[in-house]
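Counting from 1, the numbers follow the sequence of the chain as shown.
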Amino acid sequence: ALLGIGIGLGYGALGTMAVQHVDPVETATASGINALVLLVGSAVAGVVAPALLMTSGAAAALLAPACAAVLAALVATAGRPRRVRPAVAA
């Protein structure tokens, strides 16, 4: 149940963020790409997780998604522009 709540909250937030950060003309495209990525990710995870569980055990089946999440976070933050703070006059 806890996993379902987390997934539900994440899906809603991702869809909102995908639409908020594009031009209004590209809202439908952003929403469609978001839905496509979620569906492909779910399909791949649905195949990879059981395969890892059967071949390598529970530790590998839990470690692989954790590594994928860290990699996704690194990729997502790598392209973001850095904020430059103005110098404070003394």
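- When all heavy atoms are compared, the tightest approach of Pro65 to Leu62 is CD-O, 3.4 Å.
- Under the 4.5 Å side-chain heavy-atom criterion for ILVMFWY residues, a single connected hydrophobic cluster contains both Val44 and Leu36.
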task = Under the side-chain hydrogen bond (donor to acceptor under 3.5 Å, both in side chains) rule, what do Tyr11 and Thr16 come out as? Steps first, then yes or no, please.
result = CA-CA 9 Å; Tyr11 275 22; Thr16 302; over 6 Å; no

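- Here the CG-CG distance, from Leu38 to Asn34, works out to 4.5 Å after rounding to the nearest 0.5 Å.
- Nearest approach of Ala64 to Leu52, heavy atoms of both residues: CB-CD1, 3.4 Å.
- Linking Ile, Leu, Val, Met, Phe, Trp and Tyr whenever their side-chain heavy atoms come within less than 4.5 Å puts Val40 and Val48 in one cluster.
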Which donor-acceptor pairs under 3.5 Å do side chains of residues 18-26 form with protein atoms, sequence neighbours excluded?
| unit_1 | atom_1 | unit_2 | atom_2 | d |
| --- | --- | --- | --- | --- |
| His21 | ND1 | Met17 | O | 3.0 |

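- Using a distance-only test at 3.5 Å, with no hydrogens or angles considered, a donor-acceptor pair links the side chain of Thr55 to the main chain of Ala51.
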